[in-house]
Amino acid sequence: MGIYTDEQERFFSLRTKNTEYQMQADEYGVLKHLWYGRPVKTNMSYLLEYTDVGFSGNPYDAEDNRRYSLDTMPLEYACGGTGDFRIPAISVLHTDGSNSLDLRYKCHQVKKGKYAIPGLPAVYANEDKAQTLEITLCDCASGVEVILRYGILEELDIITRNVAICNNGNAEVILKKAASLCLDLPYGDWEWVHFHGRHTMERMVQRNPLNYGIQESASTRGTSSHQQNPSFILCSTDCTEKRGECIGACFVYSGSFQTQIECDQLSQVRAVMGIHPSLFEWHLSAGETFETPEVILTYSSNGFSKMSHNFHKVIREHICRGKYQLAQRPVLINNWEATYFDFDTDKILDIAKEAAKLGVDMLVLDDGWFGKRDSDCSGLGDWFVNEEKLSGGLENLVEQIKKLGMKFGIWFEPEMVSEDSMLYRSHPEWAIQIPGRKPTRGRYQLVLDLSRSDVQEYLYNCISNILKSADISYIKWDMNRSICDWYSNNLSAENQGELPHRYMLGLYALLERLTTDYPNVLFEGCSGGGGRFDAGMLYYCPQIWCSDDTDAYERTKIQYGTSFIYPISAVGSHISVTPNHQTGRITPIESRAVTAMAGSFGYELDLGMLSSEEKQAVTEQIKRFKQFEALIHGGTYYRLSNPMNENTALWEYVSESMDEVLVHGMIFRTVPNMKRQRIRLSGLCPDCKYQVTGKDEVYTGMALMQGGILLPESCGDYYPIEIHLKKQEG
Ligand code: DGJ
């Protein structure tokens with residue numbers, strides 16, 4: 001296993017526990033992609049035989065070989081302008097106005113450990129857990145070199161990719177596109193899965209056969225977005241949860257991105273993923289290097305479940321960081337849906353007192369505690385406590401909450417500014433807007449230019465001052481609009497195209513500084529719910545508020561889609577009031593509980609308004625969540641039904657030792673004379689016996705996996721399911 005190279009043949013094989021990835025530089029130095037799939041231990045180039053395909057041109061050095069065309073062969077990193085007419089991974093503009101690149105193999109290097117990317121989030125690992133392969137390609141005419149980096153985490157079946165583009169020539173080069181991933185699959189019959197949606201309806205799963213030509217999922221919103229997630233899956237047509245092949249890709253980036261999948265004239269597939277080129281340009285002077293963000297890849301020959309397990313492990317254990325990465329998370333109560341902007345110290349304390357009685361660990365004070373912020377029209381940027389609302393100040397409130405035995409957390413939306421704010425009045429030049437044009441407003445607010453170091457410094461100081469002013473254990477980092485009108489007062493006209501990526505670098509620098517200086521603070525990401533739910537943000541925030549839709553039924557679909565790539569511990573999820581504020585739907589409090597437990601559990605309502613039975617239920621739920629938390633966050637997660645088209649949402653957590661199992665979910669609708677539904681479990685030890693907690697029922701793992709278990713008789717709609725089993729000793 002590990003990285004295998006054949007120097008003579010210029011052949012490279014990346015071998016993980018269950019997968020193999022192959023490349024070879026051919027006689028002309030063109031780096032071809034040969035294979036990504038199960039370990040084959042054979043150089044797969046024997047499958048690449050091409051005919052003379054009309055109108056697919058030939059490189060000059062192929063002389064009279066009309067069968068050799070860059071337009072037809074699988075390439076490891078495709079470049080534009082030299083005869084491959086499919087999607088390029090890289091595009092440049094040279095000083096003479098031409099835009100060709102002809103990348104040929106130059107050298108390679110194998111290194112211990114996993115590479116890091118300066119200024120960008122990336123998978124990290126101990127030196128003995130990972131290896132790096134670097135292959136350098138060179139465009140002789142311009143001196144541009146491209147270093148393709150591969151990080152291999154053998155045990156996890158993970159391969160990461162990033163690209164460094166170095167201008168080793170004498171003249172400036174303008175990068176117009178610099179993708180992180182180019183993956184050519186010359187074999188197979190693939191379907192495309194991606195995750196689309198909108199605000200309060202993120203990550204809906206869509207699976208489609210490939211059309212000839214290009215299909216795309218992308219964001220140009222300056223965030224990874226509610227509308228499309230920066231991840232995709234290519235799967236065999238027969239792929240299910242347990243069977244079939246799939247390749248998953250997840251972009252470790254939180255800004256605009258583009259994924260394009262092309263099915264070419266020979267039915268071959270190319271996937272290209274990276275920063276969205278329409279919002280990207282980078283000037284590379286002689287001697288400079290540009291680093292792309294990272295893509296995480298995994299291949300599974302055992303369906304979507306195995307692919308998700310690989311992603312869950314790598315993101316939880318090698319992307320998320322800090323004190324709370326693997327630790328128990330505080331069960332929190334957030335006041336947003338309880339009060340919105342209308343609160344004062346007493347109201348917050350009332351909520352906290354009730355929550356403390358019921359066993360909640362932390363109170364989170366949401367939007368509205370600072371500046372002039374009684375609605376979403378004003379105040380953003382003025383990160384000073386509004387003492388009219390919080391009489392006695394923040395310190396007093398925090399002390400009183402601590403006396404209740406609770407921790408305290410607070411909301412920020414650092415990247416934004418309201419026009420009606422002291423900050424905007426003193427620094428209008430800090431907002432992203434184009435001189436001479438009226439800016440586009442989103443939720444009445446403008447976006448601060450995070451590419452500027454003075455803006456980063458201001459935000460660091462504001463947040464730091466608040467953190468120093470009281471004992472604060474948690475920050476909710478919100479971001480509530482898409483970005484447009486890109487223009488920075490700090491950049492010259494010719495460099496304006498760099499702003500969207502410079503914004504991301506500024507955001508990451510600020511987050512890095514704060515999370516380093518305040519290691520005990522738990523950061524939760526948020527962007528109007530799940531508008532920036534990506535592996536980039538998870539590098540700084542081990543949990544992200546999954547959606548502003550807190551309706552338990554809708555959440556089962558949102559969390560189903562999210563679970564394909566992201567671990568359960570990353571999902572911020574709360575129980576809210578019924579009728580639900582987003583949909584008006586009424587669901588049982590237990591259904592809301594099992595749904596919210598599929599994440600970092602919490603509440604978002606005025607607990608004082610609940611009946612005494614409901615309060616009792618809350619106390620029980622918190623105890624149960626704490627009992628199950630290690631299993632839920634650290635166990636292996638299985639999707640047992642598809643809530644997009646079935647009458648149930650069911651999922652399962654299995655402990656690593658396979659001795660504890662928890663099935664959660666709900667039956668959406670009850671009809672008369674309903675047959676009891678059986679549900680087949682996954683991931684158990686076939687020969688072991690499992691007892692259902694609280695019952696005499698004992699079944700073998702094999703029976704539970706092959707025959708299944710009967711769900712209880714349901715009553716009413718959104719009927720909650722909780723089945724807990726333990727392996728019998730001996
Ligand atoms: C959007 C978030 O998703 C909500 O939870 C809440 O924090 C509001 N912003 C506050 O403005």
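From a predicted model like this one, the values you see are computed outputs, not experimental measurements. Atoms within each ligand, like the ligands themselves, are counted from 1 in listed order.
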Exercise for review: In plain terms, say whether K626 and D361 are close enough for a salt bridge, that is, a side-chain N and a carboxylate O under 4.0 Å apart.
Suggested key: yes
Check your understanding: Can you pull the residues with any heavy atom under 4.0 Å from ligand 1?
Key -> W336, D366, D367, W411, R443, K476, D478, N480, C526, G528, G529, W545, D548
Check your understanding: Taking NZ, NE, NH1 and NH2 as the nitrogens, is one of them in E395 or K402 under 4.0 Å from a carboxylate oxygen of the other?
Key -> no
Point to revise | Residues in side chain to side chain donor-acceptor pair (under 3.5 Å) contact with H194, at least two apart in sequence or another chain | key: Q206, Q228
Review point. Who pairs with Y540 by ring-ring contact (aromatic ring centres under 6.0 Å, His included), at least two apart in sequence or on another chain?
Key: Y508
Check your understanding: Is the NZ or CZ atom of R585 positioned over Y553's six-membered ring, under 6.0 angstrom from the centre and within 45° of the axis?
Key -> no
Name each donor-acceptor pair under 3.5 Å that joins a side chain in residues 518-526 to protein atoms two or more places apart or in another chain, with its distance.
unit_1	atom_1	unit_2	atom_2	d
Y518	OH	S464	OG	2.5
E524	OE1	Y474	OH	2.9
E524	OE1	Q543	NE2	2.6
E524	OE2	W545	N	3.3

